[in-house]
Structure formats: C-alpha cells, structure tokens
Amino acid sequence: MDESSIAWVEGALVTIDQRALPRELRELRITTVDDLIDAIKSLAIRGAPAIGVSGAFGVVLAALAATTDGVVNAAQVESESARVANARPTAVNLAWGVKRALAQLPGGVQAVLDEALEMLAEDGRVNLAAATHAADLVQHLCEDRPLRILTHCNTGRLATTTVGTAIGALRVLHERGLLAEVIVDETRPLLQGARLTAWEMAEAGIPHRLTIDSAAAWAMATEGVDAVLVGADRITADGSVANKIGTYMLAIAAKQHGIPFIVVAPESTRDVATARGSDIVVEQRAASEVTGFGGVTTAPEGTLTFNPAFDVTPPELVTAVVTENGVLGSASDDGDSGRSLTDRLDAQWVADYEPNDDPIAFGAAADDFRATFAKPVADEQHKGEEAIATIARGLYANGWMPGTAGNISVRRADAAVITASGLSKGELTADDMVTVAVADSQPSVAGARKPSAETTIHTAVYRTTAAVAVVHVHPPHATALSIGAGAATVQPVRFSGYELIKGLGGTRPDRIDIPVFPNHADVPQIGADIEKYLTEHPDAPPVLFITGHGITAWGASLAQARDRAECLEAMSELITLTGHREIPVGEN
C-alpha cells in the first residue's frame with residue numbers, strides 16, 4: 001500500500017509509464033521539460049495529485065536547465081514552468097504544483113527540489129488521511145456487512161504517488177475486511193479503469209469485476225452496489241466536481257437508486273477561486289480516441305466526435321466530498337436525493353444539520369456538518385485508543401513490553417495517538433494516550449500525559465511511509481539478535497529461507513534485508529537515522545531492529561503492524577533455535 005509510483009533519482013523524474021499498462025510495467029525516466037509535458041499530455045503521467053507533484057518536479061527540471069555556473073535564469077524558469085502548468089487545463093493540481101515549487105526559486109535550485117520532494121512525501125500522507133476518512137464515512141453510511149463499491153477511472157497509486165484517493169479508501173476497507181467486491185468501470189475513451197484500476201485491484205488482492213461504463217446504472221439496480229467512490233480533478237467554490245467523463249451520469253444513477261456518491265480528493269484539488277462548475281474549461285481530446293482504439297479504426301472515416309475528457313457533477317448530486325481534513329457535507333439535501341446523508345446517518349449526528357444554498361465545506365454548512373459528525377468521530381477515536389491499550393496489554397503479557405518499555409501509535413491525519421511514557425503497559429487504558437504532531441522531528445504534544453522519547457521513532461516512520469500504525473516492542477529473541485548484528489552505523493542484514501519472510505511485506509518472498517540501527521543515548525538521533533534511511537530506501541521493509549533496543553514495525557492497520565512484529569520475533573526465535581544465521585548484505 002505504500003509503494004510510490006513517482007521518485008526523483010539522480011536528476012530525473014522516474015515514474016511508471018501508464019500508457020504501457022497492463023501489458024508491461026515500464027519505467028519512464030524524464031529529464032527535460034519537453035519530456036514531462038509530453039508525458040502529461042499523452043497520459044503517461046495522469047491523475048490530479050500525480051500531475052501536481054510531477055509539475056513541481058517540472059520546475060526543478062526547468063531550473064536545472066536554466067542554471068549556468070551556479071546562476072539561475074529566473075525568467076527562463078518561469079517561462080518553462082508556465083508551459084508545464086498549461087499542459088492540461090482542467091485539473092487544478094498541475095498549476096498548483098508548479099506555483100508552489102516556483103515560489104521557492106529565489107532560494108535556488110536546491111530549495112525548489114526540496115519543495116518538490118516535500119510535496120512527494122506529503123502526497124502520500126494526505127491521500128492516506130483522505131482515504132481513511134472516506135472509509136470511515138462509508139462504514140457509517142452503509143450496512144454492517146461486506147460491501148460492494150463501484151468506482152470510475154483510476155484513483156490509486158498510479159493517479160497519485162502512493163495509496164490513492166478513492167482507491168485508497170477501497171484499500172483501507174479491504175484491510176479492514178469490509179470489502180466484498182469492487183465493480184470497476186472500464187472508463188472510456190482510454191480505458192483507465194480497465195487498464196489501470198483493474199491492474200491495481202489485482203495487485204492489491206482486492207476482489208473485482210470489470211464492467212462497461214453504460215452498465216453502471218444497471219449494476220446499481222441489480223448487483224447490490226452499496227456506494228460509489230470517485231476522485232476529482234477540480235472542485236469549485238459551489239461544490240461542483242470535475243472528474244473523468246462518465247462521472248456525472250454515475251451521480252445521476254446513484255441518486256436514482258439511493259446510493260451514496262462520495263468524492264475523495266486532496267485539498268489541493270479544491271479551487272475556491274473558480275465560483276461555479278460552469279466556469280471550468282473542459283478539455284476536448286483527439287477524435288482518434290473515440291473512432292478507434294489501440295491503432296485500430298472502428299468508426300467510418302471522417303466521423304465527427306464529441307470527446308470531452310471530463311464532465312462536471314453539480315453539488316446537489318454529491319453526498320459528500322472527503323479530503324485529508326475530513327468529511328465535507330453535500331451542497332443540497334432537499335429530501336429528494338434518495339438515501340442522502342440526512343437519511344442514512346444516525347439522527348443524533350444530523351439533528352443540528354441545516355443544509356442551505358451555500359454548498360459543501362466553504363461556509364456554515366461545513367461547520368454544521370462537522371459539528372454533527374464530531375461525536376461519532378470522537379466515539380471511533382475512543383475505540384481506536386481502546387484498541388491500542390488492548391494490544392499493549394497483550395504484548396505486555398507476552399513479555400514484549402516489560403515494565404514501562406515499548407510504545408504503540410496510530411496515525412490520525414497529521415497527528416498520531418501514542419501510548420504515554422512512564423506507565424506500565426500491563427495496566428494501560430484508553431485514557432493513557434498522548435496526541436503528537438508528526439510533521440516535525442521534535443513533535444508538539446497535546447494531552448496531559450508525557451510522550452516517550454521514542455515518539456520520534458514513530459513520527460520518523462510516519463513522515464517517510466504511508467503507515468497507519470507503528471509498534472515498538474522489546475521481544476527477547478529479536479532484541480538479542482539485534483545485539484549480535486549491531487554496528488556503529490546502519491547495517492542491513494539479510495534473512496533467507498524462512499516462510500515467515502512473506503509476512504513482513506518485503507518485495508521478495510525468499511529473502512529480506514532488514515536494517516539494524518545504532519542505539520544512540522540521544523533517542524531523537526535514532527529517529528533521525530530512521531528517517532534518513534527510509535527516505536533513501538523507499539523499498540525498505542516495514543520492520544527494523546535497534547541494537548539492544550527492540551524492534552519497530554508498521555503497517556496499514558494496528559493489527560498488521562503487530563503481526564509484522566510477531567513475524568520478526570518468530571523468525572528471530574527460529575534463528576536462535578537452529579543456528580541458521582542472517583547474512584550481512586554484501587557477503588556471499
């Protein structure tokens with residue numbers, strides 16, 4: 001879930017060429033502004049968040065090309081950046097990404113690159129938060145059973161940088177065991193659903209069926225669709241949603257069938273400077289995309305076409321927009337919208353909700369909706385803290401969190417809830433938690449309790465991965481093993497031949513390289529080492545050793561993080577029992 005589709009490698013933007021999927025997983029290496037513009041226009045890179053981040057790296061490429069003897073030609077960079085921003089007109093994220101990176105140009109090329117890299121890391125955090133909020137909302141709106149969700153176009157890690165928006169929510173629901181099936185629209189004219197979303201569903205192990213776009217309404221009528229989840233390329237001030245062509249008709253069909261229609265997108269997709277959906281410039285694409293496919297012409301020669309890349313869904317058809325900041329209410333609830341928020345949410349949630357003509361979360365309606373949503377969210381958060389306490393008590397009973405040692409955390413948007421310092425984990429309750437910010441290496445704190453110094457280990461993981469939960473424990477075999485493998489610098493060690501390797505989320509089932517970090521007396525330095533290593537090794541497994549100081553594991557859920565810690569301890573115990581040692585990387 002945390003594999004990135006975009007990276008900056010040795011002066012080049014490296015990404016997946018989406019034109020080649022699903023036949024070939026091909027790397028695309030971009031070193032010039034012209035190459036980037038071509039990639040965006042040809043949809044080798046597509047998806048609002050992905051082209052926003054790529055646009056920022058376009059400014060980096062422009063700045064590098066405009067630098068002579070250390071001096072940057074600012075006018076040239078601005079001109080080239082404008083070309084990038086205009087490569088596709090409908091998605092607001094592209095111009096947003098260019099503008100944000102260009103603002104750092106006075107600080108030099110490195111400042112622009114640092115901003116682009118921060119946007120790359122930020123995108124994963126933002127989309128995971130939005131996906132989690134959306135999954136929570138789907139659970140509240142739908143019946144308590146495995147769900148069938150319909151989605152359109154592609155909104156996964158290919159359209160973002162990692163995790164995804166609407167598909168990210170599907171992944172979260174799948175991790176929770178709440179997803180029976182996804183119905184995937186093929187998405188004309190370029191079949192992003194058939195080529196890309198179906199590929200991502202298979203990659204994630206999510207059950208799915210592919211359908212033609214014109215069958216979606218019938219699927220809602222006959223196949224038990226519980227909700228429709230889509231992304232967005234632009235959301236205007238009136239709450240209108242521009243998205244891949246075909247979205248509008250899905251919203252109409254969802255209203256007819258009383259099905260929630262939920263839009264999942266980052267805040268950067270909201271365009272409050274554009275007042276109405278009718279003000280959006282909708283991109284018209286080539287006739288050849290309609291008159292044929294894959295180089296084969298299917299329509300009579302000379303046939304005229306209507307080929308808009310996007311359509312605009314009016315706010316009254318949108319149940320809710322979900323961003324990293326939470327759930328934003330619908331623009332209208334006139335009692336005629338089928339199973340709307342008011343119909344489907346608990347009456348206690350909506351008693352004070354008074355929708356008006358000022359839509360979604362740009363005015364009073366947002367405050368009203370958040371007020372009514374606050375209690376159930378608070379209840380869910382309390383359940384999450386109880387889950388942390390329950391797992392901590394279980395690990396204490398196993399001897400993995402002796403005394404006050406060890407800590408567990410769960411991410412919530414830009415913060416994390418973590419077990420407090422100085423408390424026995426065997427007696428921990430839901431009230432013994434601290435909320436910390438994850439953005440800084442020295443996290444700010446909210447709550448009466450004191451966080452452990454090891455909090456910096458957790459926040460380092462959150463800043464560099466898409467982790468939802470982190471577990472730091474002191475199991476005996478893994479801790480002992482770390483002492484023997486430890487060194488003065490970070491030393492990856494290789495494990496091979498164990499079936500348990502598959503449970504650690506590595507890229508190969510037969511072997512895994514797990515880093516061992518020095519145990520500094522200054523614990524924040526351990527966090528700094530971890531952050532540096534994970535930034536430089538994005539494919540590192542979601543587990544690590546700290547010499548003599550236990551292990552840290554993380555995952556897309558608290559249960560997954562705990563399970564990975566258990567796998568590493570079990571493998572360490574096997575090594576203790578059999579004498580089959582790990583192999584330092586680089587040895588034969």
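Between Pro49 and Thr160 the shortest heavy-atom distance is CG-CG2, 3.6 Å. Residues Ala561 and Ala553 come closest through the heavy atom pair O-CB, 3.5 Å. When all heavy atoms of Leu147 and Cys142 are compared, the pair lying nearest together is CD2-CB, 3.7 Å. For the residue pair Ile388 and Met433, the shortest heavy atom distance occurs at CG2-CE, 3.7 Å. Nearest heavy-atom pair across Pro402 and His474 is CD-CB, 4.4 Å. Taking all atoms of both residues into account, the shortest heavy-atom contact from Pro541 to Ile512 is CB-CD1, 3.5 Å.
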Next item on the list: Run the numbers on His458 and Asn407 for side chain to side chain donor-acceptor pair (under 3.5 Å), then give the verdict.
Entry: CA-CA 9 Å; His458 293 245; Asn407 30 68; 2.5 Å; yes
Margin query: Test side chain to side chain contact (heavy atoms under 4.5 Å, CB included) on Leu504 and Ile514; report intermediate values, then the result.
Written below: CA-CA 10 Å; Leu504 295 178; Ile514 301 177; 4.1 Å; yes
Note to self: Set out, in order, the CA-CA distance, both residues' side-chain angles and the distance that settles side chain to side chain contact (heavy atoms under 4.5 Å, CB included) for Gln18 and Trp199, then state yes or no.
What the structure shows: CA-CA 11 Å; Gln18 297 186 39; Trp199 182 81; over 6 Å; no
Check: Under the side chain to side chain contact (heavy atoms under 4.5 Å, CB included) criterion, do Ile408 and Leu395 qualify, and how do the steps go?
Finding: CA-CA 10 Å; Ile408 298 174; Leu395 293 172; 4.0 Å; yes
Checklist line | CA sep, side-chain torsions, deciding dist, call: Val241, Val230, side chain to side chain contact (heavy atoms under 4.5 Å, CB included) | finding: CA-CA 10 Å; Val241 175; Val230 300; 5.7 Å; no
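Residues satisfying the side-chain contact (heavy atoms from CB on, under 4.5 Å) test with Ser424, not counting sequence neighbours, are Tyr396, Glu427. Scanning for side-chain contact (heavy atoms from CB on, under 4.5 Å) contacts around Ala478 gives Pro475, Phe545, Ile551, Glu569, Ser572, with sequence neighbours left out. Annotation: side chain to side chain donor-acceptor pair (under 3.5 Å) contacts of His549 (sequence neighbours excluded): Glu454. Qualifying salt bridge (charged side-chain N to carboxylate O under 4.0 Å, His left out) partners for Arg46, counting only residues two or more places apart in sequence or in other chains: none. Residues that satisfy the salt bridge (charged side-chain N to carboxylate O under 4.0 Å, His left out) test with Arg176, not counting sequence neighbours, are Asp136. Under the rule for a side chain to side chain donor-acceptor pair (under 3.5 Å), Thr132 has no partner lying at least two apart in sequence or in another chain. Among residues two or more places apart in sequence or in another chain, the salt bridge (charged side-chain N to carboxylate O under 4.0 Å, His left out) test is passed with Lys99 by none. Qualifying ring pair (Phe, Tyr, Trp, His ring centres under 6.0 Å) partners for His520, counting only residues two or more places apart in sequence or in other chains: none. Residues passing the side-chain contact (heavy atoms from CB on, under 4.5 Å) test with Val126 are Glu122, Pro266, Glu324, sequence neighbours excluded. The side-chain contact (heavy atoms from CB on, under 4.5 Å) test applied to Leu120 returns Ser4, Ile6, Val53, Phe57, Thr161, not counting sequence neighbours.
The closest donor-acceptor contact from the side chain of Thr165 to the backbone of Ala265 lies at 3.5 Å or more, if one exists at all. Listed for the Lys425 side chain is no donor-acceptor partner under 3.5 Å among the backbone atoms of Arg393. Judged by distance alone, with hydrogens and angles left aside, the side-chain atoms of Arg125 form no donor-acceptor pair with the main-chain N or O of Tyr462 at under 3.5 Å. Judged by distance alone, the side chain of Glu200 and the main-chain N or O of Arg157 form a donor-acceptor pair under 3.5 Å. At distances below 3.5 Å, at least one donor-acceptor pair connects side-chain atoms of Thr15 with backbone N or O atoms of Ser5. When atom types are taken as modelled, the side chain of Thr151 and the backbone of Leu229 share a donor-acceptor pair closer than 3.5 angstrom.
Here Leu568 contributes atom CG and Ser482 contributes atom OG; the two are 9.5 Å apart, rounded to the nearest 0.5 Å. Taking CD1 of Ile546 as the reference point, atom CD1 of Ile526 lies at 5.0 Å (rounded to 0.5 Å). To the nearest 0.5 Å, atom CD1 of residue Ile530 and atom OG1 of residue Thr459 are 9.5 Å apart. Of the inter-residue distances, the one linking Cys567 atom SG with Arg562 atom CZ reads 11.0 Å to the nearest 0.5 angstrom. From Leu170, atom CG reaches atom CE of Met201 across 5.5 Å, with rounding to the nearest 0.5 Å. The CD1 atom of Ile40 sits 6.0 Å away from atom CD1 of Ile51, with the distance rounded to the nearest 0.5 Å.
Between His537 and Tyr533, the ring planes lie parallel to each other; the angle is under 30°, not in the 30° to 60° tilted range.
Between Val471 and Ile391, every side-chain heavy-atom pair lies at or beyond the 4.5 Å cut-off. At least one side-chain heavy atom of Phe495 sits under 4.5 Å from a side-chain heavy atom of Leu481.
Listed by first and then second residue, the salt bridge (Lys or Arg N to Asp or Glu O under 4.0 Å) pairs involving residues 8-17 are Asp17-Arg19, Asp17-Arg26 (not counting sequence neighbours).
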With a 3.5 Å cut-off and sequence neighbours excluded, list the donor-acceptor pairs that the side chains of residues 103-115 form with protein atoms.
| unit_1 | atom_1 | unit_2 | atom_2 | d |
| --- | --- | --- | --- | --- |
| Gln110 | NE2 | Asp114 | OD1 | 2.8 |
| Glu115 | OE2 | Arg100 | NE | 2.6 |

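With His472 as the fixed residue, the side-chain contact (heavy atoms from CB on, under 4.5 Å) test singles out one of Thr552, Ile418, Thr455: Thr552.
Other residues, nucleotides and ligands contribute only 12 or fewer heavy atoms inside 6.0 Å of the CG atom of Asp144.
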